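All remarks here apply to the structure that follows.
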Number of protein chains: 4
Amino acid sequence: MNINVGVLGATGSVGQRFIQMLEDHPMFNLEVLAASEKSAGKKYSEACYWYQSEPIPEKLGNKIVVPTDPTHEAFEDVDIVFSALPSNLAKKLEPEFAKEGKLVFSNASAMRMEVDVPLIVPEVNPEHFKVLDIQRENREWDGGIITNPNCSTIGAIITLKPIMDKFGIDMVNITTMQAVSGAGYNGVSSMAILDNIIPYIGGEEEKMETESLKILGDIDEDNKFLYANFKIGVSCNRVPVIDGHMESIFVKTLEDANPEEILKVMDDFDPLKDYNLPTYAKPIIIKKEVDRPQPRLDRNNGNGMSITVGRIRRDNIFTVKYTALEHNTIRGAAGASILNAELYIKKYM
Amino acid sequence: MNINVGVLGATGSVGQRFIQMLEDHPMFNLEVLAASEKSAGKKYSEACYWYQSEPIPEKLGNKIVVPTDPTHEAFEDVDIVFSALPSNLAKKLEPEFAKEGKLVFSNASAMRMEVDVPLIVPEVNPEHFKVLDIQRENREWDGGIITNPNCSTIGAIITLKPIMDKFGIDMVNITTMQAVSGAGYNGVSSMAILDNIIPYIGGEEEKMETESLKILGDIDEDNKFLYANFKIGVSCNRVPVIDGHMESIFVKTLEDANPEEILKVMDDFDPLKDYNLPTYAKPIIIKKEVDRPQPRLDRNNGNGMSITVGRIRRDNIFTVKYTALEHNTIRGAAGASILNAELYIKKYM
Amino acid sequence: MNINVGVLGATGSVGQRFIQMLEDHPMFNLEVLAASEKSAGKKYSEACYWYQSEPIPEKLGNKIVVPTDPTHEAFEDVDIVFSALPSNLAKKLEPEFAKEGKLVFSNASAMRMEVDVPLIVPEVNPEHFKVLDIQRENREWDGGIITNPNCSTIGAIITLKPIMDKFGIDMVNITTMQAVSGAGYNGVSSMAILDNIIPYIGGEEEKMETESLKILGDIDEDNKFLYANFKIGVSCNRVPVIDGHMESIFVKTLEDANPEEILKVMDDFDPLKDYNLPTYAKPIIIKKEVDRPQPRLDRNNGNGMSITVGRIRRDNIFTVKYTALEHNTIRGAAGASILNAELYIKKYM
Amino acid sequence: MNINVGVLGATGSVGQRFIQMLEDHPMFNLEVLAASEKSAGKKYSEACYWYQSEPIPEKLGNKIVVPTDPTHEAFEDVDIVFSALPSNLAKKLEPEFAKEGKLVFSNASAMRMEVDVPLIVPEVNPEHFKVLDIQRENREWDGGIITNPNCSTIGAIITLKPIMDKFGIDMVNITTMQAVSGAGYNGVSSMAILDNIIPYIGGEEEKMETESLKILGDIDEDNKFLYANFKIGVSCNRVPVIDGHMESIFVKTLEDANPEEILKVMDDFDPLKDYNLPTYAKPIIIKKEVDRPQPRLDRNNGNGMSITVGRIRRDNIFTVKYTALEHNTIRGAAGASILNAELYIKKYM
């Protein structure tokens, strides 16, 4: 008994990843592809410029795109929508879907930091799903909105969680080297990035610094968010890489830890292994070669859902430093929303 | 009255930069181009694969390459040699030149950390030149060896010096994104770096962590090196950029400082402006645009001799964070040696 | 006695090249920078995102941008305008400037193929300037419009001219590999071109096939264009290179010729050497290394004004084949217009 | 009943592709991984630097590499070896394997043009397999050597075959834009190709011009090769693309043809569809979008075994021009040898 789902913002960069990952999904029937008025009424294959290296799935290519309107008849039998909307549209449209009774799993940043919106990485803070009850009550919605973090946040957080659980965290310092796909198909011009680096991504550092503390924090007995209280400082850079965000991460733990112990808690970290979630892969893959992870060689590890970690070593200031890599449009976007949905269903539906 | 000079390792990547920068130098006559036995006896233009974007200087292209042997007659009237030798050869050959009375300004890492070898960035620690006296006494040399630091070290140090002088430094954290030219022409294969990052450069992190403390340290009354005692931790990455090392730098000062104050001491830093050194440029250029510096747009600032700094801002852990860029084969290599020689001559000869 | 000039479309990719090349020009005073309404009234340095690797010329950075209106007072003392306008705007605005008595040297494609508009490469068809008289008569203009060809056309034509003059041309086949700067700063997204080639550039093949025949053709006694009558077929590709269009060119001559003879006529080709034009460089530079020209190493030859040619060799179908390279935004755009103006002035003013 | 096979040159770029394609092959058991003395005795995962984007197959990673010696016991039960040897070694070693009774399917160029060695593209000239009989007789071998063409030759030939069969071919002109992987992992340095094109690949043009005529030719009643007699001229370029050779191809047919007819014969071309070969895919996939094929988007079509063709259009000199793309290390190398073996077995064993 599968659940009917739709994708909002289906023609864009993250939308295309949703289409790929939902095409033959064992739990979901992808019934509705929604996009802007300009695309609505066209066949999906004509409405979007498909630029994945695998061909467009045939049956989906022939689907007619509908407008992003929850009252459109196409959404009638749809219970869940995945949102790849840009943030400004998400802010307006996602609540409309929630009000019409849809459960929205959103990759957009618009609602992430709201006090009654769960911001979930399923391996890290699944207990935050409970805040959905408050959200529904507050907003008088039959549906609801569940978000996942910014692409560059997820990779860091998944590696920090097992460290925090075992040793506690005092301070985290991160410098990112992020792929151009994170900015969408037209986000970074070739003149801007060939033979170059751009040391700035608007809003990204702030997102990483605030989202991390929300996700790694607790919720109190009233289901209010209690932010984690370690210090975190981030510097973000755009590099000429297609897919895969790299991060140099420095962590100071509260209790003593050596690199071998840090490696072990990361390698052992596998909290959802018993749920049999279709999109799940081992969250952290450790590479022992001295020069890994590398975006081109490691971004597809775990079908793009694993964070690849390497070079765990001592630092002169922090307890350890290491390099982490995540596939930003899979683990960092579409895959994150889908995994949230899979776990939510297994636990609550 | 110009000084006759030679270049060791003249055919390689850094050697070519020496040739370009010495071609029309007002203080130096470039008399000798030395390279391996394989190249010796050939015209320079035939011995090397010239891959600079400006053509090979004609009169130098026709020069006959000589072997790297200080007793070769070509070196008879040469007082100074600039060394672009690989480290293993430098270790053996540079002392031979020093013994024969030549002053060796070396870009090689072999001798940098020796207790009687000055490791100089002329804007930062010109007083270390004095250690040359001890070196000559120790080793019974008429000449001597003066080194400059590793390419990725220089950019950081020049920006740290004015901060240290005014506010003191407690801790420094750096993540580098380094250009492929830093590894020499054949150092990084295209298969290794296209659409990719390599989070490892052999020995680089250790060099940055040790050389920085030597250069930013003092010398005592016996002309012994007293290392600076702040903490520094580094993570190095290779990126698909041709020239220009970028660094995300985080600094905790001993005394309070805000980003505007840090900007000001950097912008005011100009210790050698009165020496009229031909290769000198303002050491630090501040860019105020939010997305600068960028390697392709800023590496040639100050004819490749200036460090370009941008995004000076508060951090949650450190006092400030900023991005610095240097041209790694000019300011970080050939230009560094030449500026050392220029200042040494003005001060001591 | 210099001539006052202005630049239309001053903030764009080609506009910036005009600014660089006119900054210290011995014949021209760059008095007016014109751009869209959005930019007008701002300082040039604020109106444009300057992305050249040399800093913006200071005195020009402070100039106030004016609207693209020939009746604006700023144009009062301006005799010549250089146009970097997009084609649709050029079609409307360039005639307005011509009507107001300005001589427009245009890089836009809008007017190139008009029957009374000279399309000039100064080394190739300077006699076409005469058509300007007809244009003025036809259109009752005091000024006039003189165009230069499409960026990828120029490189081919300059190499074909000496071959045609000596041996005649029967057929020409060209496959281009064109730099992203040819499409303007935002023309090619990084997602589109990293690790990729795009085998299509809208309208480019047609332009190369028609413009070449106009430029290499004659004008009859009534100053009408007689197109050259060889056959030409072109295939255009976009490649991940920043500047520099490469072309694999195959030529069948009417009379027998061998590669050495072809090389010689190209190398000897230097028709304007006696004019002392400031922007002039030897039109064709021959490289004898087997693997040249290369965009990154050769695009700046002759300050970006020379076509670099290599690998002149026999072909099984055509008489010879060779590779030609031109700097597309200098020789292929801004420099082409400026050289046209320089020659026109020397000959007619 | 599967056949035991080995791979010679197993650690290199093409060797790794053989490993990937043979891992779970339904007709072959990959029993032996052979490489240089330096690698022999090590586990495969330690002997080679695996740089594919999918992880190394586990069971093969643990295999012990053997020396490239046909008398080594490891080869005892092996009937077929696939050769990814460099040409100089292939010339010496492949005959030794053939003499020891092995059937060598070779990707090396060493033996391709020998008068008794079949050079096969299975969709194009399977009847050339018959020459193997002559080879065995000539050389008194129990085994034999069957070669496949150079990577850039295959893409062109497969598209030319259906055109030749239907319309005849008079002349072919090709300009290639070839990926760096074609030169092996260390073949092209990043300094050589970032922001650049190299208009030369040693020996490549000659290979394309001669191999094409052998493959598209006949064999006479004495099983001697009769070369095809159309004219072909080629110009080869290296571009900054990881995988996927692009070719601008111009064809003049003997009989009239229009682009639609050419498209149809290509699209209909499917000569081996009834053989059920495991590695077989539709030889030619036509893309109708104006800007395709593109290496990054189309190289994996047909699991890397299909040639993708687009932009079939009229030319002013030739009958048609079009763009073809092939995955150079799959269809152009490992996959070509494996498909040869599959067809040979189906037909003759």
Side-chain angles (χ1 to χ4, degrees), chain A residues 170-177 179-180 191-202 205 209 230-250 252 289-299 310-311 313-318 321-325, chain B residues 170-177 179-180 191-202 205 209 230-250 252 289-299 310-311 313-318 321-325:
Chain A
D170 181 19
M171 314 190 302
V172 176
N173 169 278
I174 303 176
T175 294
T176 71
M177 291 158 277
V180 293
M191 286 292 287
I193 203 72
L194 281 171
D195 184 22
N196 208 14
I197 300 171
I198 303 172
Y200 176 71
I201 301 174
E205 295 169 358
E209 290 170 358
F230 59 83
K231 288 182 187 173
I232 177 168
V234 180
S235 183
C236 290
N237 299 279
R238 186 77 70 193
V239 294
V241 165
I242 297 167
D243 285 316
H245 288 354
M246 287 273 276
E247 307 188 0
S248 284
I249 301 179
F250 299 72
K252 188 160 191 301
E289 296 90 332
V290 72
D291 60 354
R292 300 292 275 270
Q294 295 179 17
R296 191 157 53 82
L297 302 187
D298 293 310
R299 61 193 169 205
R311 301 205 70 214
R313 61 206 192 281
R314 288 191 185 282
D315 182 62
N316 293 326
I317 298 171
F318 295 83
K321 51 189 167 189
Y322 56 88
T323 300
L325 170 78
Chain B
D170 181 20
M171 315 190 300
V172 176
N173 168 278
I174 304 177
T175 293
T176 71
M177 291 158 278
V180 294
M191 285 293 287
I193 203 72
L194 281 171
D195 184 20
N196 208 15
I197 300 170
I198 303 172
Y200 177 72
I201 300 174
E205 294 169 358
E209 290 170 358
F230 58 83
K231 288 182 186 170
I232 176 168
V234 180
S235 183
C236 290
N237 300 279
R238 187 76 71 193
V239 294
V241 165
I242 296 167
D243 285 316
H245 288 352
M246 286 272 277
E247 307 187 1
S248 284
I249 301 179
F250 300 74
K252 188 161 191 300
E289 297 90 332
V290 72
D291 60 353
R292 300 292 274 270
Q294 295 180 18
R296 189 157 57 81
L297 302 187
D298 293 310
R299 60 193 170 207
R311 300 204 74 213
R313 60 206 192 281
R314 289 191 184 282
D315 182 62
N316 293 325
I317 298 171
F318 294 83
K321 51 189 166 189
Y322 55 89
T323 299
L325 170 79

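From a predicted model like this one, the values you see are computed outputs, not experimental measurements. Each chain gets a letter, A, B and so on, in the order its sequence line appears, and its residues count up from 1.
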Can you check whether A:Arg299 reaches B:Asp195 side chain to side chain, under 4.5 Å on heavy atoms?
-> yes
Non-hydrogen side-chain atoms of B:Ser235 and A:Thr175 separated by less than 4.5 Å = no
By side chain to side chain contact (heavy atoms under 4.5 Å, CB included), which residues pair with A:Phe230, not counting sequence neighbours?
-> A:Met164, A:Ile169, A:Val172, A:Leu213, A:Leu216, A:Ala228, A:Ile232
Set of residues satisfying side chain to side chain contact (heavy atoms under 4.5 Å, CB included) with respect to B:Asp170, sequence neighbours excluded | B:Lys252, B:Leu254
Short question: side chain of B:Asn196, backbone of A:Arg296 - any donor-acceptor pair under 3.5 Å?
-> yes
What part of [X] gets closer than 4.5 Å to chain B, counting heavy atoms only: side chain, backbone, both or neither?
| X | value |
| --- | --- |
| A:Ile249 | neither |
| A:Val290 | both |
| A:Asp243 | backbone |
| A:Leu194 | backbone |
| A:Asp291 | both |

Quick one: CG on A:Asn316 to CG on B:Asn173, what's the gap to the nearest 0.5 Å?
-> 10.5 Å
From CD1 (A:Ile197) to CG (B:Leu325), nearest 0.5 Å = 8.5 Å
Going by an N to O cut-off under 4.0 Å, is there a salt bridge joining A:Arg314 and B:Glu209?
-> no
Under 4.5 Å from any heavy atom of chain A - which part of B:Arg292 | backbone
Relative to chain A, which segment of B:Tyr322 carries a heavy atom at a distance below 4.5 Å: side chain, backbone, both, or neither?
-> neither
Nearest heavy atoms of [X] and [Y], plus distance in Å:
| X | Y | result |
| --- | --- | --- |
| A:Asn237 | B:Met246 | OD1-CE, 4.5 Å |
| B:Val234 | A:Phe250 | C-CZ, 4.3 Å |
| A:Ile317 | B:Gly233 | CD1-N, 4.1 Å |

Most contacts with chain A, counted as non-hydrogen pairs under 4.5 angstrom, among B:Met171, B:Lys321, B:Glu205 | B:Glu205
Against chain A, work out which of B:Pro240, B:Gly244, B:Ala192 has the most heavy-atom pairs shorter than 4.5 Å and name it.
-> B:Pro240
Knowing that exactly one of B:Arg311, B:Gln294, B:Glu289 qualifies, which makes a side-chain contact (heavy atoms from CB on, under 4.5 Å) with A:Tyr200?
-> B:Arg311
